[in-house]
Amino acid sequence: MSKILTNIDQLDLNGTYTYADYLLWQFSERVELIKGKILKMSPAPSRKHQTVSRELTFLFGDVFRGTACKMYIAPFDVRLIDYKKSTNDEQVHTVVQPDLCIICDVSKLDDRGCLGAPDLVVEILSPGNSKKEMGVKFDLYEENKIKEYWIVEPAENSIFVYTLKNGKYIGLKPCIEGEKIKSPLFPELDFEIEKIFKEN
């Protein structure tokens, strides 16, 4: 019988795990599960990361408040890949915590988070997780047919938007300071880039 773990050192970081295992982890480190493999998340986000996350939350909140689509911010579990509508925790091998996500099919929501692909996912890069977000998660989100994926780069004050077309992500022109960003999937998401990178 599985037991609750309170120290990440009790895990074999090269082992393979399921969502059922993940539910028993009660250590302080934040981790994600990618196809059964543990991926450590960055330590506490930087102040700029927090600023960007806050401003995005305000802007997205204004657009989606009162609509059928729901917005969630990290920490919020999204279970992907071989998920089952039976919510059999032993069948789920991927759990991620996007910085922000939009889910319009509320049947995917339960008390534990989202079971299936959100419509839009936003990841804010940190110095320690850039390769993970740009590589592993890009492939993961594309494979799971997440319709739109934003990668926010605070160090460069820029945003990269990818939309799914014929099962593959198509990258739009990078959005940089002095420009506006407009979501292809949700045109009402339309704002000046400076709004999310401002310091206040």
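When reading the values below, keep in mind they use all heavy atoms of this one structure, side chains included, and skip hydrogens, waters and symmetry mates. Just so you know, residue 1 is the first one in the sequence shown, and it goes up from there.
The closest side-chain heavy-atom distance from L5 to L11 is below 4.5 Å. Within the 4.5 Å cutoff, no side-chain heavy atoms of L39 are placed close to those of L33. At a threshold of 4.5 Å between non-hydrogen side-chain atoms, the residues L100 and I102 count as touching. Counting only heavy atoms from C-beta outward, the side chains of S53 and T51 never approach each other to under 4.5 Å. Proximity of V95 to Y17: side-chain heavy atoms (C-beta onward) are nowhere separated by under 4.5 Å.
Put simply, the side chain of N144 gets close to the backbone of L140: a donor and an acceptor are under 3.5 Å apart. Although no hydrogens or angles enter the test, the distance criterion places no donor-acceptor pair under 3.5 Å between the side chain of E156 and the main chain of E153. Checked by atom type and distance alone, the side chain of T94 pairs as donor or acceptor with a backbone atom of K35 at under 3.5 Å. Without hydrogens or angle criteria, Q10 side chain to T6 main chain gives a donor-acceptor distance under 3.5 Å. In terms of modelled atom types and a separation under 3.5 Å, the side chain of D110 and the main chain of R112 share a donor-acceptor contact. Side chain of K108 to backbone of P118: no donor-acceptor contact under 3.5 angstrom is found.
In this structure, Y149 has its ring center no closer than 6.0 Å to that of F160.
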Checklist entry - Going through the distances and angles, do I196 and L59 end up as a side chain to side chain contact (heavy atoms under 4.5 Å, CB included)? => result CA-CA 8 Å; I196 71 162; L59 288 164; 3.3 Å; yes
Item to check | side chain to side chain contact (heavy atoms under 4.5 Å, CB included) assessment of Y22 paired with D77 | outcome: CA-CA 11 Å; Y22 175 91; D77 285 347; 2.8 Å; yes
Next on the checklist: The test is side chain to side chain contact (heavy atoms under 4.5 Å, CB included); show your working for K40 and I8 and say whether it passes.
Outcome noted: CA-CA 10 Å; K40 287 185 176 181; I8 195 170; 3.8 Å; yes
Next on the checklist: D105 vs K70, test: salt bridge (charged side-chain N to carboxylate O under 4.0 Å, His left out). Steps then yes/no.
Outcome noted: CA-CA 9 Å; D105 180 356; K70 305 301 179 187; over 6 Å; no
Next on the checklist: Run K147 and T163 through side chain to side chain contact (heavy atoms under 4.5 Å, CB included) and show every step you take.
Outcome noted: CA-CA 6 Å; K147 296 173 186 175; T163 58; over 6 Å; no
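Between H93 atom NE2 and D21 atom CG the span is 8.5 Å, to the nearest 0.5 Å. Atom CG of D99 is separated from atom CG of L125 by 9.0 Å, given to the nearest 0.5 angstrom. Summarising the geometry, atom NZ belonging to K168 is positioned 9.5 Å from atom CD belonging to E143; distances are rounded to the nearest 0.5 Å. Note that SG of C114 is 5.5 Å distant from CZ of F76, once rounded to the nearest 0.5 Å. Between the CD1 atom of I73 and the OG1 atom of T57 there is a distance of 4.5 Å, given to the nearest 0.5 Å.
With no hydrogens or angles considered, a side-chain donor-acceptor pair links K37 and T16 at under 3.5 Å. When only modelled atom types and interatomic distance are considered, E123 and Y141 share a side-chain donor-acceptor pair under 3.5 Å.
Clustering ILVMFWY residues whenever any of their side-chain heavy atoms sit less than 4.5 angstrom apart, transitively, puts I170 in a cluster other than the one holding W150. Grouping the Ile, Leu, Val, Met, Phe, Trp and Tyr side chains by contacts below 4.5 angstrom, directly or via other members, places F58 apart from I124. Clustering ILVMFWY residues whenever any of their side-chain heavy atoms sit less than 4.5 angstrom apart, transitively, puts F27 in the very cluster that holds Y19.
Relative ring orientation between Y162 and Y169 is described as tilted, the plane-to-plane angle lying within the 30° to 60° band. Between F64 and F60, the angle of the ring planes lies from 30° to 60°, which puts this pair in the tilted group.
Applying the disulfide bond (SG atoms under 2.5 Å apart) test to C69 and every residue at least two apart in sequence or in another chain returns C104.
When all heavy atoms of E32 and Q97 are compared, the pair lying nearest together is OE2-N, 2.6 Å. G116 and L80 get closest at one heavy-atom pair: O-CD2, 3.5 Å. Between L164 and K145, the shortest heavy-atom distance links the atoms CD2-CA, 3.4 Å.
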Using atom types as modelled, flag every donor-acceptor pair under 3.5 Å from a side chain in residues 177-186 to any protein atom, sequence neighbours excluded.
| unit_1 | atom_1 | unit_2 | atom_2 | d |
| --- | --- | --- | --- | --- |
| E177 | OE1 | N157 | ND2 | 3.3 |
| E177 | OE2 | N157 | ND2 | 3.2 |
| E179 | OE1 | K173 | NZ | 3.3 |
| E179 | OE1 | I176 | N | 3.3 |
| E179 | OE2 | K173 | NZ | 2.8 |
| K180 | NZ | D190 | OD1 | 3.4 |
| S183 | OG | E148 | OE1 | 3.2 |
| S183 | OG | E148 | OE2 | 2.8 |
| S183 | OG | L185 | N | 3.2 |
| S183 | OG | F186 | N | 2.8 |

